[in-house]
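For reference, the structure is listed below as structure tokens.
In this chain, numbering begins with 1 at the start of the sequence shown.
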Amino acid sequence: MPVTNFPPLHAAGRGRGWYRGDCHVHSVYSDGELTPEQLAAGARAAGLDFIATTEHNTAEAHGAWAPHIDRDLLVILGEEVTTETGHWLALGIEPGQVVDWEYRARDGLIDRHLAQVHGVGGLCVAAHPHAPYPTGDFRYPYQGFDAVEVWNGLWSSDRPWNADNEAALAEWGRSLPAGVHQGRWRPVMGNSDTHLAGQIGIPHTVVFAEELSTRAILAGIRAGRSWIAESATVELSLTATAGERGAEVGEHLKTFGEQVAVRVRLRGVRSATVSFHTDRGEVHRAALPDRGTGVAEWFTTAQESAFVRIEIRHPHGHMAAFTNPIILS
């Protein structure tokens with residue numbers, strides 16, 4: 001197809017800053033019930049800046065988006081690769097590129113297909129690793145994958161946070177200390193896996209990028225410069241400061257032995273509980289006001305904590321937001 005039939009690689013963003021996006025979306029081109037036009041409208045209504053088209057084992061929808069997007073919405077080309085022993089997202093692939101799915105973990109072929117995606121500058125994400133059905137349970141090693149989709153969306157449930165998400169988050173949390181120590185920790189993300197109306201953006205990933213472009217958004221996800229929100233009503237910032245030096249989510253703070261002040265600013269979650277997590281597990285918990293806006297603070301040192309990340313939960317325990325870590329040294 002002519003290049004004009006495909007969505008552009010850049011959109012009119014706000015320059016360097018935080019962008020909200022949903023990188024796991026299905027339309028009528030696989031087993032979703034919405035058209036690209038309806039999904040684009042839904043993305044705007046949900047307050048998103050970007051989405052990824054990830055149909056099951058096909059690139060047929062790649063050429064269907066251009067007529068339905070304006071300059072302010074970025075559409076990243078992708079595919080959900082649904083193998084017999086797990087699903088994964090190929091993000092930022094070439095127009096019309098199809099990644100093979102006809103294999104399973106024991107065949108030893110996964111690295112070949114990951115390399116095909118990486119070869120065009122794309123990102124490989126392990127999708128819903130504990131999904132409650134046979135092929136959705138992820139059986140491949142995470143080695144070679146750039147990120148893990150820890151929070152997957154509503155499905156047919158009315159609960160946006162389910163037991164399979166809790167299991168995926170716990171698994172990632174256990175692996176994080178060793179990954180940080182080895183200098184190759186793997187970021188997490190959250191996506192809706194939209195199939196039905198009303199699901200898009202629940203949840204989504206908030207990414208720090210140099211611009212609103214496919215290249216910049218994928219770079220932000222790859223670096224872990226991101227946090228996950230249940231909706232666009234949630235606004236969050238996590239900072240760590242030591243002396244006059246500071247860092248945000250996904251960054252590395254050199255403390256030079258000074259005390260570190262970790263601050264969370266939150267808006268949009270009433271009566272939230274903020275928990276602080278390090279390589280020692282959960283180390284601090286704070287309750288925020290009923291009005292839905294508040295600040296929580298905790299102090300540590302790099303000797304005590306190799307990293308810090310946070311979770312924001314509703315009073316009933318369901319997740320509202322969580323972050324990738326800030327690394328301390």
Side-chain angles (χ1 to χ4, degrees), residues 18 20-24 46-48 125-132 136 138 147-176 185-194 198-207 221 224-238 249-250 262 264-278 281-296 298 307-326:
W18 294 93
R20 295 177 181 266
D22 190 343
C23 286
H24 192 164
L48 302 183
V125 181
H128 47 64
H130 294 281
F138 200 77
V148 179
E149 185 187 68
V150 163
W151 191 348
N152 188 259
L154 290 162
W155 293 75
S156 58
S157 169
D158 59 358
R159 297 174 56 186
W161 180 257
N162 289 299
D164 51 306
N165 296 318
E166 196 75 69
L169 179 63
E171 179 182 60
W172 175 71
R174 287 191 297 269
S175 71
L176 194 55
W185 63 277
R186 185 169 287 102
V188 289
M189 64 186 310
N191 301 303
S192 70
D193 201 353
T194 287
Q199 294 181 335
I200 196 163
I202 308 174
H204 63 267
T205 302
V206 188
V207 182
I221 296 171
R225 296 283 280 121
S226 59
W227 56 277
I228 295 86
E230 66 176 352
S231 74
T233 63
V234 181
E235 299 177 14
L236 179 155
S237 72
L238 172 65
V249 175
V262 183
V264 180
R265 299 181 185 276
L266 178 70
R267 182 185 300 273
V269 186
R270 297 173 63 88
S271 303
T273 297
V274 182
S275 56
F276 295 71
H277 301 253
T278 74
E282 183 181 320
V283 292
H284 181 65
R285 182 175 291 199
L288 293 184
D290 178 65
R291 64 180 181 272
T293 301
V295 177
W298 176 69
F307 62 85
V308 61
R309 65 177 184 89
I310 63 162
E311 298 176 9
I312 309 290
R313 292 182 184 257
H314 292 285
H316 49 61
H318 291 177
M319 192 69 70
F322 59 91
T323 73
N324 278 298
I326 298 175

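- From W227, atom CH2 reaches atom CD of E311 across 14.5 Å, with rounding to the nearest 0.5 Å.
- Between R186 and E149, no side-chain nitrogen of the basic residue sits less than 4.0 Å from a carboxylate oxygen of the acidic one, so the salt-bridge criterion is not met.
- A 4.5 Å side-chain heavy-atom check between M189 and C23 finds at least one atom pair inside the cut-off.
- Within the 3.5 Å criterion, the main-chain N or O of A131 finds no donor-acceptor partner in the side chain of D164.
- Annotation: side chain of V283 is in contact with side chain of W298 (closest heavy-atom distance under 4.5 Å).
- A donor-acceptor contact closer than 3.5 angstrom links the side chains of E230 and H314.
- Here the NE2-CH2 distance, from H316 to W161, works out to 12.5 Å after rounding to the nearest 0.5 Å.
- In plain terms, the two heavy atoms of L266 and A272 that are nearest each other are CD2-CB, 3.8 Å.
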Trace of the side chain to side chain contact (heavy atoms under 4.5 Å, CB included) decision for L169 with M319: CA-CA 11 Å; L169 179 63; M319 192 69 70; 3.4 Å; yes
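- Using a distance-only test at 3.5 Å, with no hydrogens or angles considered, a donor-acceptor pair links the side chain of T194 to the main chain of I200.
- Heavy-atom minimum distance, P187 versus W172: C-NE1, 4.4 Å.
- With respect to F322, the side chain to side chain contact (heavy atoms under 4.5 Å, CB included) criterion is satisfied by exactly one of I310, L238, I312, V188: V188.
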Check against side chain to side chain contact (heavy atoms under 4.5 Å, CB included), L236 and T323: CA-CA 9 Å; L236 179 155; T323 73; 3.8 Å; yes
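- When all heavy atoms of P315 and S271 are compared, the closest pair comes out as CG-O, 3.4 Å.
- Looking only at side-chain heavy atoms (C-beta outward), W18 and V207 stay at 4.5 Å or farther from each other.
- Summarising the local packing, CZ of R313 is surrounded by more than 12 heavy atoms from other residues, nucleotides or ligands at distances under 6.0 Å.
- The two residues A126 and F138 make their nearest non-hydrogen contact at CB-CZ, 3.7 Å.
- Atom OG of S275 sits about 6.0 Å away from atom CZ of R285, to the nearest 0.5 Å.
- The shortest distance between side-chain heavy atoms of V264 and S237 does not fall below 4.5 Å.
- Side-chain atoms of D22 come within 3.5 Å of backbone N or O of S192 as a donor-acceptor pair.
- Between N324 and F307, the closest side-chain pair of non-hydrogen atoms is not below 4.5 Å.
- Between the side chain of H128 and the main chain of H130, no donor-acceptor pair closer than 3.5 Å is present.
- Remark: the backbone N or O of V249 is paired with a side-chain donor or acceptor of R225 at under 3.5 angstrom.
- The distance from atom CG of N165 to atom CD1 of I228, rounded to the nearest 0.5 Å, is 11.0 Å.
- For T205 (side chain) and G190 (main-chain N/O), a donor-acceptor pair under 3.5 Å exists by modelled atom type.
- Looking at every heavy atom in both residues, A46 comes nearest to A232 through O-CB, 3.3 Å.
- Across all non-hydrogen atoms, the minimal contact from G173 to R309 is CA-NH2, 4.2 Å.
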Criterion side chain to side chain contact (heavy atoms under 4.5 Å, CB included) on L48 and H204, from CA distance to verdict: CA-CA 8 Å; L48 302 183; H204 63 267; 3.8 Å; yes
